[in-house]
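Every number for a ligand or one of its atoms is a count from 1 in the order of the listing.
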Amino acid sequence: MKNKIQNSITTLNIIAVLLLISIASCTKEGPTGPPGKDGVDGKDANIVCGTCHNNTSGLLAKQNQWKNSLHAQGINFTRNTIQCAFCHTEQGFLESIKTGKYETARAINDPVGITCRTCHNVHTKFDSTDFALTYSEPVKFMFDETKSHDFGKGNLCARCHQSRTLSPKPVVGGPDITITSAFWGPHNNPSANIVAGIGAFELPGSPYTNSPHKNLIGNSCVTCHMANPIGAHAGGHSMNMFAHIGTTKTPNLAGCQGSNCHDNINNFDYEGVQTEIKQKLTELRILLAEKNYIDTTTSNGEYHYDRLKASQAKPLTLPANHAAAAYNYFLVARDKSFGVHNSRYARAVLRNSIEALLD
Ligand code: HEC
Ligand code: HEC
Ligand code: HEC
Ligand code: HEC
Ligand code: HEC
């Protein structure tokens, strides 16, 4: 009996040992192979991002300047339709430089105004090439697409800051034209046309020449408007020519002074150019108002807000050369630089337009 019991205990022991061995052999690893090659290190996200998002103030300075620009503060990015969005919205502009068309396929939903991403390829390659400009080719003018000008880095600006296609378009010395809209004329802001001396109706009279600003300033708009800033208020990414701080208004002369041309300049009315252009512009304005072509009563003396006296209900029919003179008035007024951009061209345009109305 005792033997029988002992035997069965031994049998149980053997089963237990076998079980243990089989469990142990299930979890037992094979022999270790030779070590593999080291993998390529993953990128440290903090370092890639830190190229720009770091503890220096470079990016912040630009953001603060931009916040003081009309690009950031303006409300007109609501102009999101096919004919407006390619200048007034970020998405429209980026689409139009891709297609090369001065229009968008459709109106832009969720419109965004003019931000870093309009002008730079932010977050594309995550390195310094992201700050390259989105557009850099010479600009073909909407006013006359057979003409173009190279503004250097200013090509970016000129693509938007130019007058639009015009209809109806007078021909100098041609037949009368009939206009049915108060908004007929160059759109705000045709600075690129004045800088390049392309886009006025060239009435006969004084020859049309250009001031050295047209070709001597390689990056055009950028050299003057983005010169060394005053605080975050003028120059740099504010693109303003004046710093409005409190009640004082200070011109940013850094672009002029750094040019080796006007080292001693102390305001923009250099050699009385602005005074002279304002006088001629006023003379032309009075003539146009006397002929009842333009309405000067609602613009509060801000010439660029004057409008043509024309509407669907009251069309305006006028001789071609008078229409040309009215257009030229709006062109110089809405350029807003009073001759700084291209004094010689502005002077000839105004002189000859005044002559045309006195004929
Ligand atoms: C080459 C420079 C650059 C690098 C590299 C970069 N950023 Fe930016 N980032 C910018 C600029 C410029 C803005 C401002 C964009 C704007 O306001 O439109 C910005 C804005 C942002 C914002 C604010 C929200 C937004 O999208 O406008 C966030 C979040 C951000 N970056 C995260 C990152 C991360 C995460 C990385 C790394 C993966 C990174 N950035 C790498 C330049 C850079
Ligand atoms: C995508 C089109 C676009 C580009 C590119 C652009 N601008 Fe503008 N700019 C505008 C619009 C639109 C406004 C007015 C915004 C508003 O009223 O909402 C404006 C406003 C301005 C103003 C203020 C005008 C005023 O009446 O005070 C200045 C100055 C200016 N831009 C200069 C520049 C310069 C310099 C560049 C190039 C570095 C440039 N802009 C590039 C469309 C553009
Ligand atoms: C070729 C580019 C361009 C196109 C197209 C364009 N705009 Fe503009 N617009 C501008 C620029 C640049 C300014 C800024 C003028 C300034 O502040 O000096 C502006 C300013 C304006 C302003 C403000 C004017 C002021 O001085 O207060 C209005 C309103 C406006 N645009 C409406 C429109 C509408 C509506 C359309 C479409 C029918 C349109 N724009 C198409 C470039 C354009
Ligand atoms: C209207 C167009 C425009 C807008 C909007 C704009 N930039 Fe720029 N940015 C430029 C131009 C043009 C230059 C070149 C200036 C020069 O060469 O003097 C430039 C230069 C720069 C540079 C220097 C790049 C380099 O290679 O040295 C940085 C950084 C920069 N911008 C950041 C920004 C940031 C951040 C924003 C938004 C807060 C912004 N920009 C908005 C046009 C723009
Ligand atoms: C030689 C320097 C210079 C160049 C080049 C230049 N500008 Fe100007 N711009 C000025 C000055 C100075 C004023 C302001 C005049 C004043 O109000 O007394 C001005 C005024 C303007 C205004 C009206 C802004 C306002 O605050 O009323 C706009 C918009 C403008 N320029 C855009 C441009 C564009 C776009 C280009 C390039 C096609 C350009 N400018 C080229 C110097 C320059």
In degrees, rounded to 10 degrees, what angle do His123 atom NE2 and His53 atom NE2 make at atom 8 (Fe) of ligand 1? 170°
May I ask you to list the atoms of ligand 3 that are less than 4.0 angstrom from any heavy atom of Phe86? 5 (C)
Measure up the Tyr135 and Phe93 rings against each other and bin them: parallel (under 30°), tilted (30 to 60°), perpendicular (over 60°). perpendicular
What is the ring orientation for His237 with His120, classed by angle as parallel under 30°, tilted 30 to 60°, or perpendicular over 60°? tilted
Distance in Å, Ile108 CD1 paired with Asn80 CG, rounded so as to fall on 0.5 Å steps: 7.5 Å
If you compare Cys52, Gly50, Ser128 by their heavy atoms, the one closest to atom 4 (C) of ligand 1 turns out to be Cys52
Note: ligand 1 atoms sitting under 4.0 Å from heavy atoms of Cys116 are 16 (C), 17 (O), 18 (O)
For ligand 3, the portion of Tyr102 having any non-hydrogen atom under 4.0 Å away: neither
Below the 3.5 angstrom mark, is there an N/O of His304, backbone or side chain, next to an N/O of ligand 3? no
Within a 6.0 Å radius of atom CG on Asp110, are there more than 12 heavy atoms belonging to other residues, nucleotides or ligands? no
Has ligand 1 got any nitrogen or oxygen that is less than 3.5 angstrom from a nitrogen or oxygen of Arg117? yes
Determine, using ring centers only, whether Phe330 and Tyr305 are less than 6.0 Å apart. no
So is His161 polar-close to ligand 2, meaning N/O to N/O under 3.5 Å? yes
Proximity of Cys49 to ligand 1 by residue part, where a heavy atom lies under 4.0 Å: both
Out of Asn219, Leu156, Val222, Ile114, the nearest non-hydrogen contact to atom 10 (C) of ligand 2 is supplied by Ile114
Of His237, His225, His71, Arg79, which has the heavy atom at the shortest distance from atom 31 (N) of ligand 2? His71
Do ligand 2 and Lys336 have nitrogen or oxygen atoms that lie under 3.5 Å from each other? yes
Backbone or side chain, does His187 get an N/O/S atom under 2.8 Å to atom 8 (Fe) of ligand 3? yes
One finds that the ligand 1 atoms under 4.0 Å from a non-hydrogen atom of Val48 are 5 (C)
Just heavy atoms, cut-off under 4.0 Å: does Asp127 contact ligand 1 by side chain, backbone, both, or neither? backbone
Charged N to carboxylate O below 4.0 Å: is that the case for Lys280 and Glu276? yes
For His88, is at least one N or O under 3.5 Å away from an N or O on ligand 3? yes
Say whether Leu281 and Val195 are linked into one hydrophobic cluster, either directly or through other cluster members, by side-chain heavy-atom distances under 4.5 angstrom. no
Suppose we only count N/O/S atoms under 2.8 Å; would Cys157 qualify as near atom 8 (Fe) of ligand 2? no
Does only the side chain of Ile75 get under 4.0 Å from ligand 2, or the backbone, or both, or neither? Count heavy atoms. backbone
Which of the numbered atoms in ligand 2 are below 4.0 angstrom from a heavy atom of Phe93? 1 (C)
Would you say Asp130's side chain and Lys125's backbone share a donor-acceptor pair under 3.5 angstrom? yes
